[in-house]
Amino acid sequence: MDPKQMRPATLAAQAGGVIDMQSGGIVPPIQPSTTYARDRDYAQINPDNMYLRYHNDAVRQAESVLAGLEGGSAALLFPSGMAAIAALFRSVPNRGRVVVQSGIYWGTTLWIRSFCERREIVLCEVDASDGAALAEACAAAPAHLVFVETPSNPWMKSVDIAAAAQAAHGAGALLAVDSTAATPILSQPLSLGADIVMHSATKAINGHTAVLGGVLVARETTPVWEMILEDRGAAGAVMGPFEAWLLLRGMRTRPQRVKAMSANAMAVARFLDDHPAVETVLYPGLSGHPCHALAARQMSGGFGFLMSIVVRGGREAALRVAGRLDLFHRATSLGGVESLVEHRPTLEPQSGLPEGMLRLSVGIEDQRDLIADLAQALGQ
Ligand code: PLP
């Protein structure tokens, strides 16, 4: 079957349908060579491969699975999510203008602020979950790039992607969506009008907490995309073959993992929502969440594995709860098969998060065990 016709679970499980024709292996091999030979007439033995900074089969295979899952025409892997974001922003000219969602992953915010200052790029930060505010920021002046993250980390706000695309295009800008917390299984921003979708592949795309990676997927290959492609090869922000191979392997079970994690997260969110020690649960799957209706329209198959809660009693109470958890590992990051808890205000003290906030990344463990762990940690 042509991989283009495969449904997501099939495409992922078969790693894009690649079979190693030399050995017959149904799992693609890893080719770690940094360079590729030429024949006696000086022609490349494999015309697709010349040097590892540009060419590797496992990288291309993983990219083609990711492009297929997002419904894009091309994908580019990077050695981290931040390297993917940096590659995207490097396509903005000096003294250009960008509109960026506020309250997103703190590492992204900090890097974009510093990059824009160095390159004299006008940076407009706006709460993009407020459609009118985003439209106003886009209408204020022409822009090159609008960058949003939905659901956002750690506030769990949703952005209306179709409306954001309209606002961005009206300003002459591309819309890029960081869809890390949604994954291509629950949301396809390109089909809603986004031009580029970005993921930290470190998270649920790989899902096993053992690969650092990032990806950009383009709806169509525009001159900006060609610039990003050329810059990646020339500047060398490439993913190595071992990581690409691990990513391909991790992706085989991604639809099942993401659905199981989302179902667990929904059960955990409902439990926490009813708990007297918890002041607020931020999870778009809960009907009381301000973005629930939008998330229900924009996502399918679940609301993801990420949520934030505010524990009554502030910082000390939240750290006490985190310290009592047995199953949730106290660690940063998200999207792995094992559940994690993080006191985000410790990591980003300048960003104004409530001191009682804990971020949970819910894994694929039995949800009864996760809920029992939270119940004992919260003191019930
Ligand atoms: N985007 C989001 C939403 C993230 O949560 C992260 C990391 O936590 C990143 C981007 C950066 O990805 P990486 O750590 O792979 O560089």
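The first residue in the sequence is number 1, and the count goes up from there.
Under 4.0 Å is where a charged nitrogen must lie from a carboxylate oxygen, and between Arg297 and Asp160 at least one such pair does. A salt bridge does not link Lys157 with Asp130: none of the charged nitrogens is closer than 4.0 Å to a carboxylate oxygen. Salt bridge status for Glu63 with Arg232: present, with a side-chain N to carboxylate O gap under 4.0 Å. A salt bridge between Asp57 and Arg60 is present, with a side-chain N of the basic residue lying under 4.0 Å from a carboxylate O of the acidic one. The pair Glu316-Arg320 does not count as a salt bridge, with every side-chain nitrogen at least 4.0 angstrom from each carboxylate oxygen. Salt-bridge formation is detected for the pair Glu125/Arg113: a Lys NZ or Arg NE/NH1/NH2 atom is positioned less than 4.0 Å from an Asp or Glu carboxylate oxygen.
Side-chain contact between Leu88 and Phe147 is present, with at least one heavy-atom pair separated by less than 4.5 Å. You'll find the side chain of Val148 stays beyond 4.5 Å of the side chain of Asp178, heavy atoms only. Annotation: side chain of Leu248 is in contact with side chain of Pro28 (closest heavy-atom distance under 4.5 Å). Side-chain atoms of Ser64 and Gln61, non-hydrogen and from C-beta on, never get closer than 4.5 Å to each other. Side-chain contact between Leu247 and Glu243: absent, with no pair of heavy atoms (C-beta onward) separated by less than 4.5 Å. Annotation: side chain of Glu348 is not in contact with side chain of Leu110 (no heavy-atom distance under 4.5 Å). Taking 4.5 Å as the limit, some side-chain heavy atom of Leu353 sits within range of a side-chain heavy atom of Pro154. Between Arg219 and Glu70 the shortest side-chain heavy-atom distance does not fall below 4.5 Å.
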*Leu174 and His144: side-chain contact (heavy atoms from CB on, under 4.5 Å), yes or no, with the steps?*
CA-CA 6 Å; Leu174 295 178; His144 295 89; over 6 Å; no
*Steps toward side-chain contact (heavy atoms from CB on, under 4.5 Å) verdict (Leu306, Asn153)*: CA-CA 8 Å; Leu306 193 65; Asn153 166 17; 4.1 Å; yes
*Check step by step if side-chain contact (heavy atoms from CB on, under 4.5 Å) holds for Leu145 and Leu175.*
CA-CA 6 Å; Leu145 183 65; Leu175 175 68; over 6 Å; no
*Check the pair Asp48 / Tyr36 against side-chain contact (heavy atoms from CB on, under 4.5 Å), numbers first and verdict last.*
CA-CA 10 Å; Asp48 291 334; Tyr36 302 90; over 6 Å; no
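Counting only N and O atoms by type, the side chains of Asn206 and Arg249 include no donor and acceptor under 3.5 Å apart. A donor-acceptor contact under 3.5 angstrom links the side chains of Thr332 and Glu342, judged on distance only. Under 3.5 Å, the side chains of Thr108 and Glu149 contain no donor-acceptor pair of N or O atoms.
Under a 3.5 Å cut-off, the side chain of Arg53 and the backbone N or O of Gly236 do not form any donor-acceptor pair. Remark: side-chain polar atoms of Asp373 are paired, donor with acceptor, to backbone N or O of Asp326 under 3.5 angstrom. Counting only distance, with no hydrogens or angles, the side chain of Gln188 and the backbone of Leu192 share no donor-acceptor pair below 3.5 Å. Between the His329 side chain and the Ala331 main chain, no donor and acceptor come within less than 3.5 Å of each other. The closest donor-acceptor contact from the side chain of Ser361 to the backbone of Gly335 lies under 3.5 Å. Remark: the backbone N or O of Ala204 is paired with a side-chain donor or acceptor of Arg257 at under 3.5 angstrom. Asn264 contributes a side-chain N or O that, together with a main-chain N or O of Glu365, makes up a donor-acceptor pair within less than 3.5 Å. A donor-acceptor distance shorter than 3.5 angstrom exists from the side chain of Arg97 to the backbone of Ala141, with no hydrogens or angles considered. At least one donor-acceptor pair under 3.5 Å links the side chain of Tyr283 to the backbone N or O of Gly304. A donor-acceptor pair under 3.5 Å is absent between the side-chain atoms of Asp41 and the main chain of Ala43, judged by distance alone.
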Between side-chain atoms of residues 76-84 and protein atoms elsewhere (two or more places apart, or another chain), which donor-acceptor pairs fall under 3.5 Å?
from	atom 1	to	atom 2	distance (Å)
Ser80	OG	Met82	N	3.4
Ser80	OG	Ala83	N	3.0

Could you pull out every donor-acceptor pair under 3.5 Å between side chains of residues 9-27 and any protein atom, sequence neighbours left out?
from	atom 1	to	atom 2	distance (Å)
Asp20	OD1	Gln22	N	3.3
Asp20	OD2	Ser23	OG	2.7
Ser23	OG	Gly25	N	3.0

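Both Val362 and Ile185 are assigned to one and the same hydrophobic cluster, defined by single-linkage of ILVMFWY side chains at heavy-atom distances under 4.5 Å. There is a path of hydrophobic side-chain contacts, each under 4.5 Å, that joins Leu370 to Val281. Both Phe305 and Trp155 belong to a common hydrophobic cluster when Ile, Leu, Val, Met, Phe, Trp and Tyr are linked at side-chain heavy-atom distances under 4.5 angstrom. When hydrophobic clusters are built by joining Ile, Leu, Val, Met, Phe, Trp and Tyr residues whose side-chain heavy atoms come closer than 4.5 Å, directly or via intermediates, Leu294 is not grouped with Met156. The hydrophobic clustering, which links ILVMFWY residues whose side-chain heavy atoms are closer than 4.5 Å, places Tyr105 and Leu334 apart.
Rounding to the nearest 0.5 angstrom, the gap separating the CZ atom in Arg270 from the CD1 atom in Ile371 is 10.0 Å. Atom CZ in Arg330 sits 11.0 Å away from atom CG in Leu358 (nearest 0.5 Å). With rounding to the nearest 0.5 Å, the separation of CD in Glu355 from CG in Leu319 is 8.5 Å. Put simply, CD on Gln367 and CZ on Phe271 are 12.0 Å apart, with the number rounded to the nearest 0.5 Å. To the nearest 0.5 angstrom, Met251 atom CE is 7.0 Å from Ile205 atom CD1. In this structure, the separation between CG on Asp127 and CD1 on Ile104 is 11.5 Å, given to the nearest 0.5 Å.
Annotation: Phe303 is in aromatic contact with His292 [ring centroid separation under 6.0 Å]. In this structure, His55 has its ring center at least 6.0 angstrom away from the ring center of Tyr51.
The heavy-atom pair separating Leu325 from Gln376 by the smallest distance is CA-NE2, 4.0 Å. When all heavy atoms of Ala75 and Leu66 are compared, the pair lying nearest together is CB-CB, 4.3 Å. When all heavy atoms are compared, the tightest approach of Ser339 to Gly363 is OG-N, 2.8 Å. Residues Ala168 and Cys138 come closest through the heavy atom pair N-SG, 4.1 Å. Considering all non-hydrogen atoms of both residues, Lys203 and Thr180 come closest at CG-CG2, 3.4 Å. In terms of heavy atoms, Cys116 sits closest to Val98 at SG-CG2, 3.9 Å.
Heavy-atom neighbours of Glu230 CD from other residues, nucleotides or ligands within 6.0 Å: at or below the threshold of 12. Atom CD of Gln166 has 12 or fewer neighbouring heavy atoms from other residues, nucleotides or ligands inside a 6.0 Å radius. The neighbour count for Glu226 CD, taken as heavy atoms of other residues, nucleotides or ligands under 6.0 Å away, is above 12. Residue-environment remark: CZ (Arg118) exceeds the threshold of 12 foreign heavy atoms within 6.0 Å.
Note: Phe115 and Trp111 have parallel aromatic rings, judged against thresholds of 30 and 60 degrees for the angle between ring planes.
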